[in-house]
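Heads up: the structure comes next, in structure tokens.
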Amino acid sequence: MSWQDGFVDLRVEPWRRPAHRPTGREAAVLLVAFAPGEVLPALDIAAAIPPGAPVDALAVRLHRYEDSPEWVDGFRTGPLRNLAARELPDLGPIDEATCCYSIQVSVPDPTDLTHLQLAWAVASQASRAGAVAVLDAFAHDWSLPEPIAALDPHRPFDVVREISVIAESESSPGFGHAVHTRGMIKFGRPDLVMGVPEDRIGDAASILNQLAAMLAEGHVLTAGQQLRVNDEETLTVVTYTPDAQVPNVQLIKDGLLLTAGQAPPPRP
């Protein structure tokens, strides 16, 4: 929304990627809206999405528990249930939900982030219509319906709203606590991982949020690249490969590991 010569432009501005560099990678978003029944018979989101949003790539599907119990339960049991217990005040509504909607958009190497605006517009309508919770499946983030229903289509992009930064509670010998992003696939970029002592977890989270914002804008990190954090600290980017020294944090796709100092020699 903007003003120009007294004219009010009510169109939704796209979330731009001013530093976009092509990579050929796919960006994808998956939101799951739990509901007590069918609440979304038709979409009415034209006024909530920017011009050029990839509506042809949008897939909204209703999954009834009676037809797909394993699919529905897959998002409200196991680790995702443990996460819901920490982020939602009451698990009753998702347990009692008889269906859920999957809201999915996949686009190749996008030059903007309108696919995210599109997915959230659908989740917002579902939340206003009666959904009881929304799961951002790739970011591993649960939300109550009220804040999703109230999303302003004209809000600025905020990377913190689109990803999660997670610190693993257990320290691995020689590596420390794994601190990593979840959700970078939404920008077509790899997730980021660091290993730090407990007293550096906050610093690592801040670094990862800053780098995530850069990647969301379209920047690219590659193995071997060095990043100056401050006058005393330099990080080197290497391919994230879990092994005996590097813990497996179960990323959805690939990742990059940020290590202190020089890159290790290539493996034979």
Side-chain angles (χ1 to χ4, degrees), residues 28-41 43 45 48 59-105 115-153 155 157-170 177-187 191 201-202 205 208-209 212 249-252:
V29 55
L30 172 61
L31 307 178
V32 181
F34 282 83
E38 186 172 351
V39 299
L40 201 60
L43 293 180
I45 58 172
V60 181
R61 296 185 176 91
L62 172 65
H63 306 266
R64 295 183 177 86
Y65 183 76
E66 60 187 18
D67 299 326
S68 308
E70 292 183 359
W71 198 96
V72 176
D73 281 344
F75 289 102
R76 59 184 178 187
T77 57
L80 289 176
R81 183 178 185 82
N82 296 336
L83 182 64
R86 294 196 298 268
E87 297 185 345
L88 300 176
D90 181 6
L91 296 182
I94 64 170
D95 286 340
E96 296 164 8
T98 60
C99 66
C100 63
Y101 289 87
S102 62
I103 304 163
Q104 191 163 13
V105 190
H115 61 290
L116 300 181
Q117 293 170 278
L118 175 60
W120 285 117
V122 177
S124 185
Q125 183 185 341
S127 296
R128 292 192 299 274
V132 296
V134 176
L135 169 67
D136 185 335
F138 295 150
H140 280 199
D141 184 40
W142 286 91
S143 297
L144 290 170
E146 291 81 7
I148 305 301
L151 285 175
D152 181 358
R155 69 195 183 280
F157 173 74
D158 182 2
V159 71
V160 175
R161 182 64 188 84
E162 299 296 334
I163 67 164
S164 296
V165 174
I166 296 171
E168 301 294 336
S169 58
E170 292 187 12
H177 292 269
V179 184
H180 58 94
T181 61
R182 284 200 182 277
M184 295 301 295
I185 190 176
K186 295 164 74 174
F187 315 124
D191 275 302
I201 288 176
L208 294 182
N209 273 322
V249 296
Q250 304 293 330
L251 297 180
I252 291 174

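Heads up: numbering here begins at 1 and tracks the sequence. If you're wondering where the values come from, they're calculated on a predicted model, not measured in any experiment. Because only heavy atoms are used, hydrogens play no part in the values below, and waters and symmetry mates are left out as well, while side chains stay in.
Between Ile163 and Ala212 the shortest heavy-atom distance is CD1-CB, 3.5 Å. Looking at every heavy atom in both residues, Pro93 comes nearest to Val132 through O-CG2, 3.6 Å. Looking at every heavy atom in both residues, Asp191 comes nearest to Gly183 through OD1-N, 3.4 Å. Closest approach of Val179 and Ala205 over heavy atoms only: CG1-N, 4.2 Å. In this structure, His140 and Ser164 approach most closely via the heavy-atom pair O-OG, 3.8 Å. Annotation for Ser127 and Val134: closest pair OG-CG2, 3.6 Å, computed over non-hydrogen atoms.
The side chain to side chain contact (heavy atoms under 4.5 Å, CB included) with Val29 is formed by just one residue from the set Ile103, Ile185, Leu116; it is Leu116.
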- Task: Check step by step if side-chain contact (heavy atoms from CB on, under 4.5 Å) holds for Val122 and Tyr101.
- Result: CA-CA 10 Å; Val122 177; Tyr101 289 87; over 6 Å; no
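For residues 60-71, the set of pairs meeting the salt bridge (charged side-chain N to carboxylate O under 4.0 Å, His left out) definition, not counting sequence neighbours, comprises Glu38-Arg64. Listed by first then second residue, pairs satisfying salt bridge (charged side-chain N to carboxylate O under 4.0 Å, His left out) with a partner in residues 119-145 read Asp136-Lys186, Asp141-Arg161, not counting sequence neighbours.
Note that the OG atom of Ser102 and the CG atom of Leu31 stand 10.0 Å from one another [nearest 0.5 Å]. Arg86 CZ to Leu88 CG: the interatomic distance, rounded to the nearest 0.5 Å, is 11.0 Å. To the nearest 0.5 Å, atom OG1 of residue Thr77 and atom CD1 of residue Ile94 are 9.5 Å apart. Rounding to the nearest 0.5 angstrom, the gap separating the CG atom in Leu151 from the OG atom in Ser124 is 5.0 Å. Rounding to the nearest 0.5 Å places NE2 of His115 at 11.5 Å from CD of Gln104. The line from CG of Asp73 to CG of Leu80 is 12.0 Å long, rounded to the nearest 0.5 Å.
By the 4.5 Å heavy-atom criterion applied to side chains, Arg182 and Gln250 are counted as neighbours. Inter-residue side-chain proximity for Arg81 and Asp95 is flagged as met; some heavy-atom pair is nearer than 4.5 Å. In this structure, Leu62 and Leu40 have side chains that are not in contact, with every pair of non-hydrogen atoms separated by 4.5 Å or more. Here the side chains of Ile45 and Leu118 are in contact, with some heavy-atom distance below 4.5 Å. By the 4.5 Å heavy-atom criterion applied to side chains, Phe75 and His63 are not counted as neighbours.
Under a 3.5 Å cut-off, the side chain of Thr181 and the backbone N or O of Val165 do not form any donor-acceptor pair. Between the side chain of Arg76 and the backbone N or O of Phe34, no donor-acceptor pair lies under 3.5 Å.
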